Structures are given as structure tokens and as C-alpha cells.
Amino acid sequence: MKKGKKLYEGKAKIIYATNEKNFVIQHFKDDATAFNNKKRAKIDGKGILNNRISEHILKNLGQVGIKNHLVKRINMREQLIKSVEIVPIEFIVRNIATGSLTNRLGIEDGTVLENPLIEYCYKNDELGDPLVSKEHIFTFNWATKKEIEKIDKYLHRINDFMIGMFRGIGIKLVDFKVEFGRHKSGNKNEIILADEISPDTCRLWDINSEKKLDKDRFRKNLGNVMQAYQDVARRLGILHEESNIRTVKFPKPKAVKIKKNK
Ligand code: 5GP
């Protein structure tokens, strides 16, 4: 399949056309943004790791029946994916209260929720992705009742699967954001999981130390962002040496003593 022109450039990814209408190429950049684009940085190698981590998770979700856009990873930064019309909603699932939930409602940070909490945010950067209700979604035709019913079921299954997967490697899945899209297959539109699932889109805490292993390290200036993402990849068993290149530490050059002329 041939890579075509750039169709769309987002904050962390670029979408390219291919010579087949139903498929596009998703390119993972190293750019990191937070607080509605107010904080920006380039984190060397982040795109490579997110490409691998998202591939791993979506592949596994596909095997348990969650239909998604991934066809295959093509190279270090790119995946071939099914083209979709994105549903303009960010779907958030929370297991532990933190982030905007605690800020908005004053719930104590770290409160374990009895049941997973689903939230819907309207995807609109200018408005800061505001929280909306299902009624908003139906009133403004952002998705149909049938689509949201299907997505809600998917969200619980994705959450169950990912809680187990991360627990197995000593990580708590605190919350995550996913996106869905409509893929044309024949003359039907099918709802499938799209975008990415990575430490950029999830909150991941080490089970014992509660150390943050996700984008909050960038948002909160905690440092060692790449090390945390690498830790997640390593625990998932998918870290390749290529992603390590940037963090290889070279020994400091020894100070050379210059003999003074007497
Ligand atoms: P919060 O609403 O607490 O800021 O975020 C909840 C979860 O959704 C976190 O895992 C966060 O990373 C993810 N999330 C929410 N909005 C966005 C977004 O616009 N971009 C990304 N990458 N993740 C988001």
C-alpha cells in the first residue's frame, strides 16, 4: 500500500491517505501537549513507544472481540489503520478518582470508585472538550442511541480487559480516554475503536508505589516521562532496543588537565 498526502495533523499524530480509500496511515509524533495545547514539548522517542504500546493493546483487544481500526504496524512510527469518521466524543472511563473529576467535584484524589464511571466530552479544542450528557449527544446528533449503547458495552469490556492486563504487570489502570469511529464496510457503517491507547491516553500507577507511569509526568512536571513510558512497554514485554537509543547515557568526557607552562 502506498503512502499518500497528509489528510490531517493532530497534536500527537498525523493521518496520511493511502492508495486505498478505506485505509489510512497513522503516524505517531513525539509532540506532547497538555492543558488544551497551552503546555507543549517534544519528547524524543515518545511516538515510537506509543506506536508499539497502542499496537499491542489494540491487537489484544481485537482478539477479545473489540473491533478496532488497527490493521498492522508498518514501521517504528506508523500503523496502517481502517479509515473512520470519528465520533466527536472523547469517552472517558474512570476506576479511581483523580484529574478533572476531583477538580470538578471535589472528590478526594485516589478514591476507588465502586463501579467504573463513564464520562462523555465533546471533542472541541476551542471549548476545552467540555463534559456533556447523553442527551447532548442525541440532541446534536453526534451519535445515535444505538451507537452509544454499543460503545458503552465496548467501554466496559475494554476497561475489564485492560484492568486485568495491567494488573498482571503491576500497574493500576486509574482511567483512560478512547475514541470511536464509523468505518464503512460494504454499505454499512460499523462502530469501531479508533485513535490510540497508550500512556498518553491512560492514567497508569504502579501498584505498590503509586508512581505515575503516564502523561501526568509531563502535565505535572514530574520528570522522567520517557523512562515511565519505557517501563510500561518493558513490563508489557514489547520494548525493543530501538526505543532505547535516545536514553543511552554516554559517559561524561573526562576533564583534561592542561599543564601550565612554567
Ligand atoms: P481528565 O479528565 O481527568 O483530565 O482525564 C481523564 C483521562 O482521560 C486521563 O487518562 C487522560 O489522560 C485522558 N484524557 C482526557 N482528555 C484527553 C485528551 O484530550 N487527550 C489525551 N491524550 N488524553 C485525554
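Since this is a predicted model, take the numbers as computed values, not measurements. Indexing begins at 1, ligand by ligand and atom by atom, following the structure's order.
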Closest approach of any protein heavy atom to [atom], naming residue and atom:
atom                    : result
atom 17 (C) of ligand 1 : Glu90 OE1, 3.7 Å
atom 1 (P) of ligand 1  : Ser100 OG, 3.4 Å
atom 10 (O) of ligand 1 : Asp175 OD1, 2.6 Å

Within a 6.0 Å radius of atom NZ on Lys150, are there more than 12 heavy atoms belonging to other residues, nucleotides or ligands?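 Check passes, neighbour count above 12.
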Result of checking Lys46, Arg77, Lys42 against Asp30 for side chain to side chain donor-acceptor pair (under 3.5 Å):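 When Lys46, Arg77, Lys42 are each tested with Asp30, the side chain to side chain donor-acceptor pair (under 3.5 Å) holds only for Arg77.
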Under the side chain to side chain donor-acceptor pair (under 3.5 Å) rule, collect the residues that match up with Glu179, sequence neighbours excluded.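 Scan of Glu179 (side chain to side chain donor-acceptor pair (under 3.5 Å), adjacent residues dropped) gives Lys123, Lys177.
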Which ligand 1 atoms, with their elements, are less than 4.0 angstrom from a heavy-atom of [X]?
X      : answer
Gly99  : 3 (O)
Asp200 : 12 (O), 21 (C), 22 (N), 23 (N)
Asp129 : 19 (O)

Residue pair Arg219 / Ala34: nearest heavy atoms and the distance that separates them: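 Nearest pair, atom of Arg219 first, then Ala34: CG-CB, 3.8 Å.
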Any idea how Phe140 and Trp142 line up, ring-wise: parallel (<30°), tilted (30 to 60°), or perpendicular (>60°)?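 Because their plane-to-plane angle lies in the 30° to 60° range, the rings of Phe140 and Trp142 count as tilted.
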What pairs with Phe180 under ring pair (Phe, Tyr, Trp, His ring centres under 6.0 Å), at least two apart in sequence or on another chain?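 Phe180 satisfies ring pair (Phe, Tyr, Trp, His ring centres under 6.0 Å) with Phe91 once adjacent residues are dropped.
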Which of the listed options, Lys215, Glu119, Lys177, Arg203, holds the heavy atom that is closest to atom 5 (O) of ligand 1?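 Nearest heavy atom to atom 5 (O) of ligand 1 lies in Arg203.
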Looking at ligand 1, does any of its N/O atoms fall within less than 3.5 Å of an N/O of Lys11?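 Such a contact does not occur with ligand 1.
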Pick one of side chain, backbone, both or neither for how Cys202 approaches ligand 1, counting any non-hydrogen atom pair under 4.0 Å.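 Just the backbone.
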Under a 3.5 Å distance rule, please check whether Arg52 uses its side chain to pair with a backbone N or O of Arg73 as donor and acceptor.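 Looks like no, no N/O pair under 3.5 Å.
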Is Arg219 near ligand 1, meaning one of its heavy atoms is under 4.0 Å from it?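 The answer is yes, since Arg219 has a heavy atom less than 4.0 Å from ligand 1.
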